[in-house]
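Remarks on the structure that follows.
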Amino acid sequence: MIKKLPDDVIKKISAGEVIENPASCVRELIENSLDAGAKHIKVSIWGGGIDIIEVEDDGIGMFSEDIPLAVQRFTTSKISSFDDLKHLKTLGFRGEALYAIAQVSNLTIVSSTSDDVLSGWECIFNAGELTSSKPAPRKKGTTVVVKDLFFNLPVRRKFLLSKKEEGKWVFEELISYALWHTKVYFEFYEDGSKKLDLPPGDFAQRIISIFGKEFLERAILLNYSDDYLSIKGFVEKPEMVDQKGREQIILVNGRRVRGDQLRKIIYKAYEKPYGQPDFIIKVEVEPEFVDFNIHPQKREVKVAPYIRLTEKLYKVLYSSFRQYSREIVDSIKVQTDSLSSAKVSEQYGGTRQLEFGEVFQTLTVKNVSKESQTDILNIWQAHKSYIFVQTSNGIMIIDQHAAHERIIYEKLRNRDFSSQLLMFPILIELSVKEKAIFDIYAEFFNSFGFEYRFLGSNSLVIDRVPAVFRNVKKEDIKDLIASLEETPSLPDRLENFLKTIACKSAIKFGDELSKEEMAKLVDELMASDAPFYCPHGRPTIYFISLEELASKFER
């Protein structure tokens, strides 16, 4: 039998959709304070917010008759009609927050619209029912006290985390608003102890106050704006990304959102499959193109496709990373002008792209100007594996194999390579399985500079290979064929194919390089689209600042 639920059950269910823990209470109360024009917000919690939450502000306050009305459902001062939602600039608008909090707690509201301390008014609610209404001392602003959250919903209270964990989530909510509203003074107290004191400042100052100056030292600035959208923030320098991802914050129009699609775009821009970069990004979109009403707690946001947010975010990340790599190049005290492809081509009469192991094996000191010889003294090789480069503010260490992999991979992807005829063709006996795979993906080999023929059914002869190969062996060809069955999708198979070519043809650990070769490698690496990672996502560069070196020697 279908029956209508009792009103008290409906109220508790709907309240649970908006308020799920102390942090969600704090979120709603902070939003109300900000919408009230508060310039100073003090948040205090006891017992992780399960026992008590208190939010004080210096906003415009409420009249005594408005306080009982404010805790009723769908009562709001933010909108009057549905069309108002299209141009909404306030954080709250649905009139559900105070109602939901009141239904699952003992709630006290003290508010005043005047600077006269005797003009305040206090209302006390128990599970949504008004139990007391009387004058109370309060200057202009509002104080909201939430006690015994979910006291009347023991099932929901049972699913709360420990008081320490719930307190942590309250802290996270507060800093999200503090990062956006940098002109508002925020204070945070936990069990009587002051945890945060954030006077007004700019975005960078607020980040330093919350996360320390080390965050900015590890970060790159993002700054983009157009008629409908602005993107500002800080993202971790690519060479410093690890697996931890300590701080990942996306704010859209003043609210912290999950932003799964935006997070994927950020990861894609790094081209590091397994990295977890830190980032704090603020996205502001014209209100008419944003909808937060798709989620009860406004944790998800829908942005009109017209804005092209994901596309623009990727572009600003890409351009910021490219600018950062150019800054690194500027800081390297190595000049490689005399080693450009054009000048080397003039010396040797060729026009094709020159690769490692070809020109530089015969390049002698007399071919390099005295100026260049001096310039390249600040680059050296360690253990025939790592390239050290002196920069203006430290030392850059480059994994020569990973770096060359990146260079070759991008040349292949951009079709920026030639093909070379082998002096001695390679004969390979393929298994039945290998022959079947080769037949299916023969076009991959054709497209990337391989020329081949068959002698009999399974005897493959390779006559020509991409010029990126230094010393191609039959095992390399077999590995290329094997790479084509490692992933199910065609694009991924092509990626694997190119990555395998890059890996097999790149210089190896143990290969000794001249200073000229090292300078050329550094130059080409920093000119690539993603210089900080090899195609497989491993780092190519490790930077040691002068400050870090000095600290190691206790200077």
Side-chain angles (χ1 to χ4, degrees), residues 207 211 214-224 229 231-252 256-283 308-329 331 396-399 401-414 487 489 491-492 494-496 498-499 502-503 506 522 524-545:
I207 288 177
F211 303 107
E214 294 79 11
F215 185 95
L216 293 188
E217 290 172 351
R218 296 170 58 88
I220 297 172
L221 173 68
L222 303 182
N223 193 357
Y224 169 84
L229 169 72
I231 300 172
K232 300 183 187 299
F234 294 91
V235 296
E236 192 169 16
K237 293 176 180 177
E239 77 274 17
M240 294 185 174
V241 172
D242 55 26
Q243 304 295 322
K244 297 182 179 175
R246 302 166 189 83
E247 305 299 339
Q248 297 188 336
I249 298 175
I250 299 173
L251 303 168
V252 178
R256 187 170 183 168
V257 298
R258 292 194 180 106
D260 293 339
Q261 188 62 34
L262 297 179
R263 187 172 278 103
K264 288 179 182 177
I265 292 297
I266 295 168
Y267 281 33
K268 179 182 177 183
Y270 275 93
E271 293 201 27
K272 182 174 174 61
Y274 310 110
Q276 301 285 330
D278 290 348
F279 52 81
I280 300 173
I281 298 177
K282 297 166 63 171
V283 177
R308 302 186 355 251
L309 173 57
T310 54
E311 175 188 337
K312 291 175 181 177
L313 176 60
Y314 182 82
K315 285 183 176 179
V316 70
L317 286 164
Y318 177 82
S319 62
S320 297
F321 290 159
R322 296 300 302 128
Q323 176 62 32
Y324 175 59
S325 65
R326 285 193 292 270
E327 290 172 2
I328 291 179
V329 171
S331 73
M396 186 168 64
I397 306 172
I398 297 173
D399 179 324
H401 174 71
H404 200 202
E405 268 191 291
R406 166 54 61 182
I407 294 165
I408 294 171
Y409 172 76
E410 291 197 6
K411 286 180 179 179
L412 293 168
R413 196 166 61 175
N414 297 328
T487 55
S489 71
D492 287 343
L494 178 57
E495 281 291 294
N496 266 3
L498 298 184
K499 289 175 183 178
C503 182
V522 172
E524 291 194 347
L525 174 65
M526 300 314 297
S528 66
D529 289 336
F532 303 101
Y533 308 111
C534 82
H536 301 94
R538 293 187 296 270
T540 59
I541 295 169
Y542 179 74
F543 182 77
I544 304 175
S545 67

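- Judged purely by atom type and a 3.5 angstrom limit, T540 uses its side chain to pair as donor or acceptor with the backbone of P531.
- More than 12 heavy atoms of other residues, nucleotides or ligands lie within 6.0 Å of NZ in K232, so this atom counts as buried by the packing criterion.
- Listed for the R406 side chain is no donor-acceptor partner under 3.5 Å among the backbone atoms of L525.
- Formation of a donor-acceptor pair under 3.5 Å by the K282 side chain with backbone atoms of G233 is not found in this model.
- Minimum interatomic distance between A402 and D399 (heavy atoms only, all atoms of both residues): N-OD1, 3.0 Å.
- With rounding to the nearest 0.5 angstrom, the CZ atom of R326 is 13.5 Å from the OG atom of S331.
- The ring-ring contact (aromatic ring centres under 6.0 Å, His included) test applied to Y409 returns no partner, not counting sequence neighbours.
- Remark: aromatic rings of F532 and Y324 are close, center separation under 6.0 Å.
- For the pair D278 (side chain) and R246 (backbone), a donor-acceptor distance under 3.5 Å is present.
- In this structure, H404 NE2 and E524 CD are separated by 7.0 Å, a value rounded to the nearest 0.5 Å.
- Using a 3.5 Å distance cut-off with no hydrogens or angles, the side chains of D529 and Y318 do pair a donor with an acceptor.
- Remark: K237 does not engage E217 in a salt bridge, criterion side-chain N to carboxylate O under 4.0 Å.
- In this structure, the separation between CG on L313 and CG on L262 is 6.0 Å, given to the nearest 0.5 Å.
- C503 places a side-chain heavy atom less than 4.5 Å from the side chain of H536.
- To the nearest 0.5 Å, atoms OG (S325) and CD1 (I541) are separated by 8.5 Å.
- Here the shortest heavy-atom pairing between V316 and L222 reads O-CD2, 4.2 Å.
- With hydrogens and angles ignored, the 3.5 Å screen pairs no side-chain donor or acceptor of E239 with any backbone N or O of F543.
- Using a 4.5 Å heavy-atom cutoff, the side chains of F234 and I207 are in contact.
- A salt bridge links E405 with R538; the closest basic N to acidic carboxylate O contact falls under 4.0 Å.
- Looking only at side-chain heavy atoms (C-beta outward), P238 and E271 stay at 4.5 Å or farther from each other.
- Classification of the Y533-Y270 ring pair by plane angle, with boundaries at 30° and 60°, yields tilted.
- Under the 3.5 Å distance criterion, with hydrogens and angles disregarded, no donor-acceptor pair is assigned to the side chains of R322 and S319.
- Between M526 and I328, the closest side-chain pair of non-hydrogen atoms falls below 4.5 Å.
- The closest donor-acceptor contact from the side chain of Q248 to the backbone of P277 lies under 3.5 Å.
- Annotation: the span from I231 atom CD1 to S320 atom OG amounts to 9.5 Å, rounded to 0.5 Å.
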Legend entry - I280 and F211: CA distance, side-chain angles, deciding distance, side-chain contact (heavy atoms from CB on, under 4.5 Å) verdict: CA-CA 11 Å; I280 300 173; F211 303 107; 3.4 Å; yes
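- Side-chain contact between F279 and R263 is present, with at least one heavy-atom pair separated by less than 4.5 Å.
- Using modelled atom types, no side-chain atom of Y224 and backbone atom of L229 make a donor-acceptor pair closer than 3.5 Å.
- No donor-acceptor distance shorter than 3.5 angstrom exists from the side chain of R258 to the backbone of I250, with no hydrogens or angles considered.
- Residues Q261 and T310 are in side-chain contact: their nearest non-hydrogen atoms beyond the backbone lie under 4.5 Å apart.
- L317 approaches I266 most closely through the heavy-atom pair CD1-CA, 3.8 Å.
- Minimum heavy-atom separation, P535 to K499: O-CE, 3.2 Å.
- When the ring-ring contact (aromatic ring centres under 6.0 Å, His included) test is applied to Y314, no partner is found at least two apart in sequence or on another chain.
- Summarising the geometry, atom CZ belonging to R256 is positioned 4.0 Å from atom CD1 belonging to I249; distances are rounded to the nearest 0.5 Å.
- Residue-environment remark: NZ (K312) exceeds the threshold of 12 foreign heavy atoms within 6.0 Å.
- With contacts defined as side-chain heavy-atom distances shorter than 4.5 Å, the pair V235/F321 qualifies.
- You'll find the side chain of L412 stays beyond 4.5 Å of the side chain of E410, heavy atoms only.
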Inset, instruction - Give the C-alpha distance, both sets of side-chain angles, the deciding distance and a yes or no for salt bridge (charged side-chain N to carboxylate O under 4.0 Å, His left out) between E214 and R218. - result: CA-CA 6 Å; E214 294 79 11; R218 296 170 58 88; over 6 Å; no
